[in-house]
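One structure is given below, encoded as structure tokens.
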Amino acid sequence: MKLIRSVFIFLSLAFSLNTTAESVVIECYECTSEHRHSKALSWGEINAPYIPKPYVDMYDPPLITILNLKGAKASTYKVWKEDGFYTPGASRQFHVIARQTETDVKVASLLDELKHSLNDFRGTVLSMTVPDDVIEDAWEFVGCGYCKDRVHEWLA
């Protein structure tokens, strides 16, 4: 139950962060820090606001939090577009900036809680043994509809 509660709280926080204009949460699975940075840049190509270079410190660019759900890690970036190379007669070019910043304390603590809950869950599952009166061996379970029902009843 603790795992389910942790996952529910974590996901509700992620969706609540998504509703504000200043914060966006993007999930990934088994991604490295380079992948998380790349995802922030990709998001910025389409969504980031243009901020002229001299005014970057005056504006608060959107915060993009990339969550690695498998590794329970998060990276947060401020993302915006700046002027890029200009060629006369060509369309205006922009350069996307994704500068890493500190991840929100709530997100970090929920990720830690999620990591501990997953470890507890893993330990519980590994310590379980299905009794012989429920199912005799794993091969009996394959293609056996009523066996699945017995295991579900035993788990409940």
Side-chain angles (χ1 to χ4, degrees), residues 1-85 91-130 135 138 141-143 145 147-149 151-156:
M1 284 311 280
K2 185 178 178 185
L3 172 69
I4 294 170
R5 186 177 71 77
S6 297
V7 170
F8 179 74
I9 291 171
F10 183 73
L11 291 176
S12 64
L13 175 69
F15 288 118
S16 69
L17 287 176
N18 260 337
T19 59
T20 63
E22 302 84 26
S23 299
V24 175
V25 175
I26 300 172
E27 300 88 15
C28 64
Y29 185 78
E30 211 170 4
C31 54
T32 63
S33 59
E34 291 83 20
H35 288 121
R36 291 192 295 272
H37 185 258
S38 177
K39 281 189 170 286
L41 289 172
S42 296
W43 180 91
E45 288 288 332
I46 299 167
N47 302 299
Y50 166 70
I51 301 175
K53 209 171 207 171
Y55 303 107
V56 168
D57 294 333
M58 298 169 79
Y59 291 96
D60 205 12
L63 290 174
I64 311 304
T65 301
I66 313 292
L67 300 174
N68 177 0
L69 295 176
K70 183 173 183 194
K73 293 180 182 166
S75 299
T76 302
Y77 301 89
K78 289 185 176 186
V79 182
W80 70 93
K81 291 178 186 170
E82 288 183 350
D83 288 319
F85 298 108
S91 62
R92 194 172 188 178
Q93 298 288 320
F94 295 104
H95 179 67
V96 178
I97 307 292
R99 187 170 296 149
Q100 190 164 5
T101 186
E102 201 152 321
T103 302
D104 187 277
V105 175
K106 284 192 262 181
V107 173
S109 67
L110 285 171
L111 277 173
D112 284 341
E113 188 177 327
L114 178 65
K115 193 183 307 182
H116 292 302
S117 296
L118 287 172
N119 285 335
D120 291 346
F121 180 70
R122 186 177 297 117
T124 301
V125 168
L126 290 175
S127 68
M128 291 175 116
T129 303
V130 179
I135 191 166
F141 190 73
V142 178
C147 297
K148 293 176 187 174
D149 292 337
V151 172
H152 282 283
E153 287 174 13
W154 174 72
L155 288 171

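For this chain, numbers begin at 1 and follow the sequence in order.
The distance from the CD1 atom of I64 to the OG atom of S42 is 11.5 Å, given to the nearest 0.5 Å. One distance of note links CD1 of I26 with OG of S75; it measures 11.5 Å at 0.5 Å rounding. From W80, atom CH2 reaches atom CG of D60 across 10.5 Å, with rounding to the nearest 0.5 Å. Rounding to the nearest 0.5 Å places NZ of K115 at 13.0 Å from CG of L110. Considering OG1 of T76 and CG of L63, their distance stands at 7.0 Å, rounded to 0.5 Å.
Although no hydrogens or angles enter the test, the distance criterion places a donor-acceptor pair under 3.5 Å between the side chain of N68 and the main chain of C31. At distances below 3.5 Å, not a single donor-acceptor pair connects side-chain atoms of S38 with backbone N or O atoms of E34. Although no hydrogens or angles enter the test, the distance criterion places no donor-acceptor pair under 3.5 Å between the side chain of H116 and the main chain of E113.
Counting heavy atoms from C-beta on, the side chains of M128 and L155 come closer than 4.5 Å. Annotation: side chain of E153 is not in contact with side chain of V151 (no heavy-atom distance under 4.5 Å). Residues Y29 and E27 are not in side-chain contact: their nearest non-hydrogen atoms beyond the backbone lie 4.5 Å or more apart. With contacts defined as side-chain heavy-atom distances shorter than 4.5 Å, the pair L67/V107 qualifies. Inter-residue side-chain proximity for T65 and V24 is flagged as unmet; no heavy-atom pair is nearer than 4.5 Å. Contact annotation: the side chain of P62 never approaches that of K78 to less than 4.5 Å [non-hydrogen atoms, C-beta and beyond]. In this structure, the side chains of Y77 and H37 come closer than 4.5 Å at one or more pairs of heavy atoms. With a 4.5 Å cut-off on side-chain heavy atoms, L69 and C28 do not count as touching.
For H95, there are no side chain to side chain donor-acceptor pair (under 3.5 Å) partners at least two apart in sequence or on another chain.
Summarising the geometry of L41 relative to I97, their closest heavy-atom pair is CD2-C, 4.4 Å, with the distance given to 0.1 Å. Taking both residues in full, the closest heavy atoms of V79 and G44 are given as CG1-CA, 3.6 Å, listed atom of the first, atom of the second, then distance.
Using modelled atom types and a 3.5 Å distance limit, the side chains of H35 and T32 yield a donor-acceptor pair.
Counting heavy-atom neighbours within 6.0 Å of K81 NZ, excluding the residue itself, gives a total above 12.
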Which side-chain N or O atoms in residues 49-59 pair as donor and acceptor under 3.5 Å with protein atoms at least two apart or in another chain?
| residue | atom | partner | partner atom | Å |
| --- | --- | --- | --- | --- |
| Y50 | OH | D83 | OD1 | 3.0 |
| Y50 | OH | D83 | OD2 | 2.8 |
| Y50 | OH | R92 | NH2 | 3.0 |

**Message:** Applying side chain to side chain donor-acceptor pair (under 3.5 Å) to W43 and E45, what does each step give before you reach the verdict?
**Reply:** CA-CA 6 Å; W43 180 91; E45 288 288 332; over 6 Å; no
